[in-house]
Amino acid sequence: MPPLEHKHTAEAIRRRLTAGTKPNYLRDFVYGGIDGAVTTFAIVAGVVGASLSAHIVIILGLANLLADGISMAASNYSGTKTEVDELEKLRAMEYRHIAVDPDGEREEIRQIMSLKGLDGDTLEHAVEAITSDRERWVATMLFEEHGQSATIRDPMRSALATFAAFVICGAVPLIPYLVVPDGLAMPIALSMTSIVFFAIGSLKSLWSLTRWWISGLETLFIGLFAAFAAYAIGYLLRDWAGAV
């Protein structure tokens with residue numbers, strides 16, 4: 001049996017619960033890293049398939065790193081900011097409802113606890129304990145009634161994590177075209193990017209029950225499939241590209 005993720009002594013539990021939960025930005029890094037590696041390598045494969053020069057690879061690749069990286073970061077910022085705004089709107093609503101109709105809000109707590117199996121004096125004691133502290137009361141309503149998480153990521157940090165991962169991982173397919181002869185660049189870029197695909201996929205397994213090597217192979221397959229599709233399109237249109 002594998003070891004447990006944390007200890008269950010009274011002291012260890014107290015320290016863990018007192019510390020609370022913290023936002024995790026690793027998912028934003030994985031999100032940006034996968035997209036950066038896939039899109040940039042797809043551009044490289046498409047250009048190579050069209051038999052265009054290494055200079056075109058570098059120009060299009062760098063343009064993609066900047067433009068698409070900013071777009072990804074902005075999208076993640078907006079999406080995360082929407083979550084934060086929604087939480088604050090619901091929090092303000094619950095404060096207002098408690099101030100205007102405390103008995104109705106107390107009844108909501110009573111029914112929520114009842115659905116969890118509490119009844120009689122135990123139920124009433126639980127309702128009294130929760131509603132005796134306004135912050136606890138609101139936090140309970142946010143989680144139980146609205147399904148809101150107590151841990152919200154900072155929009156700017158999420159955006160920066162996505163942008164950094166996009167640029168770092170997306171730059172990998174371009175590096176060989178900057179430092180090695182054109183004929184060797186594509187095989188090296190393929191090898192280096194495949195390693196990145198597999199590494200990001202393995203990291204992604206932290207959020208699932210999938211084994212790390214299976215998750216790595218899955219992401220590798222997705223990335224290589226996208227690159228193959230781009231290469232095929234470039235190859236099919238190579239004559240048209242050369243005529244432009």
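This one's a predicted model, so the numbers in the text were calculated from it and none came from an experiment.
No continuous path of ILVMFWY side-chain contacts below 4.5 Å connects Ile112 to Phe143, so the two sit in separate hydrophobic clusters. If you chain together hydrophobic residues whose side chains sit under 4.5 Å apart, Leu203 and Val38 fall into the same group. Under a hydrophobic-cluster definition in which Ile, Leu, Val, Met, Phe, Trp and Tyr are linked whenever side-chain heavy atoms come within less than 4.5 Å, directly or via other members, Ile168 and Leu160 are assigned to different clusters. Hydrophobic clustering places Leu184 together with Leu190 (ILVMFWY residues linked when any side-chain heavy atoms are closer than 4.5 Å, directly or through intermediates). One hydrophobic cluster, built from ILVMFWY side chains closer than 4.5 Å, holds both Phe197 and Trp213.
Taking each heavy atom of Ala226 and Ala42 in turn, the nearest pair found is O-CB, 4.3 Å. In plain terms, the two heavy atoms of Asp35 and Thr39 that are nearest each other are O-OG1, 2.7 Å. When every heavy atom of Val47 is checked against every heavy atom of Ser53, the shortest pair comes out as CG1-O, 4.0 Å. For the pair Ile130 and Arg136, the tightest heavy-atom approach, listed with the atom from each and the gap, is CA-CD, 3.9 Å. A pairwise comparison of heavy atoms in Ala165 and Gly33 identifies CB-N, 3.4 Å as the closest pair. Of all non-hydrogen atoms in Ala227 and Ala45, the two that sit nearest each other are O-CB, 3.3 Å.
To the nearest 0.5 Å, atoms CG (Leu65) and CD1 (Ile58) are separated by 12.0 Å. The CG atom of Leu123 lies 6.0 Å from the OG atom of Ser114; values are rounded to the nearest 0.5 Å. Separation of atoms CD (Glu107) and CG (Asp103) is listed at 9.5 Å; rounding is to 0.5 Å. For the atom pair Ile195 CD1 and Leu220 CG, the distance stands at 10.0 Å (nearest 0.5 Å). In this structure, the separation between CZ on Arg106 and CD1 on Ile109 is 9.5 Å, given to the nearest 0.5 Å. Atoms CD1 and CG, on Ile152 and Asp85 in that order, are 10.5 Å from each other to the nearest 0.5 Å.
In Tyr25, the OH atom is crowded: over 12 heavy atoms of neighbouring residues, nucleotides or ligands sit closer than 6.0 Å. Remark: Arg211 CZ is loosely packed, at most 12 non-hydrogen atoms of other residues, nucleotides or ligands lying under 6.0 Å away.
Side chain of Ser78 to main chain of Ala74: a donor-acceptor pair is present (N/O by atom type, distance under 3.5 Å, no hydrogens or angles). Judged purely by atom type and a 3.5 angstrom limit, Thr122 has no side-chain atom pairing as donor or acceptor with the backbone of Leu118.
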Practice problem: Please test Asp121 against His125 for side-chain contact (heavy atoms from CB on, under 4.5 Å), starting from the C-alpha separation and ending with a verdict. | Solution: CA-CA 6 Å; Asp121 291 340; His125 288 323; 4.2 Å; yes

Exercise. Go through the steps to decide whether Thr151 and Lys22 satisfy the test side-chain contact (heavy atoms from CB on, under 4.5 Å), and finish with yes or no.
Key: CA-CA 6 Å; Thr151 305; Lys22 297 180 180 179; 5.7 Å; no

Practice problem: Go through Leu66 and Leu62 one step at a time and tell me if the side-chain contact (heavy atoms from CB on, under 4.5 Å) criterion holds. | Solution: CA-CA 6 Å; Leu66 181 61; Leu62 291 177; over 6 Å; no

Exercise. Start with the C-alpha gap between Glu105 and Asp101, add the side-chain angles, then the distance that decides, and say whether side-chain contact (heavy atoms from CB on, under 4.5 Å) holds.
Key: CA-CA 6 Å; Glu105 288 294 309; Asp101 188 6; 5.5 Å; no

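Side-chain contact between Val57 and Ile43 is absent, with no heavy-atom pair separated by less than 4.5 Å. In this structure the side chain of Glu11 reaches within 4.5 angstrom of the side chain of Arg15, judged on heavy atoms. Using a 4.5 Å heavy-atom threshold, the side chains of Glu86 and Gln148 count as touching. Looking only at side-chain heavy atoms (C-beta outward), Trp212 and Phe198 come within less than 4.5 Å of each other. Between Glu83 and Leu87, the closest side-chain pair of non-hydrogen atoms is not below 4.5 Å. For the pair Arg16/Lys7, no side-chain contact is recorded, criterion being any heavy-atom separation below 4.5 Å from C-beta on. Put simply, the side chain of Ser158 does not reach to within 4.5 Å of the side chain of Tyr77, judged on heavy atoms. In this structure, Thr219 and Lys204 have side chains that are in contact, with non-hydrogen atoms separated by less than 4.5 Å.
Checking each of Asp68, Thr193, Asn64 against Thr40 for a side chain to side chain donor-acceptor pair (under 3.5 Å) leaves exactly one that passes, namely Asn64.
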Quick one: side chains of residues 88-100, donor-acceptor pairs under 3.5 Å with protein atoms, not counting sequence neighbours, listed by atom name and distance.
residue	atom	partner	partner atom	Å
Glu94	OE2	His146	NE2	2.8
Tyr95	OH	Glu135	OE1	2.8
Tyr95	OH	Glu135	OE2	2.5

Which donor-acceptor pairs under 3.5 Å do side chains of residues 171-180 form with protein atoms, sequence neighbours excluded?
none

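Sorted by first and then second residue, the side-chain hydrogen bond (donor to acceptor under 3.5 Å, both in side chains) pairs with a member in residues 160-174 read Asn76-Thr162; sequence neighbours excluded.
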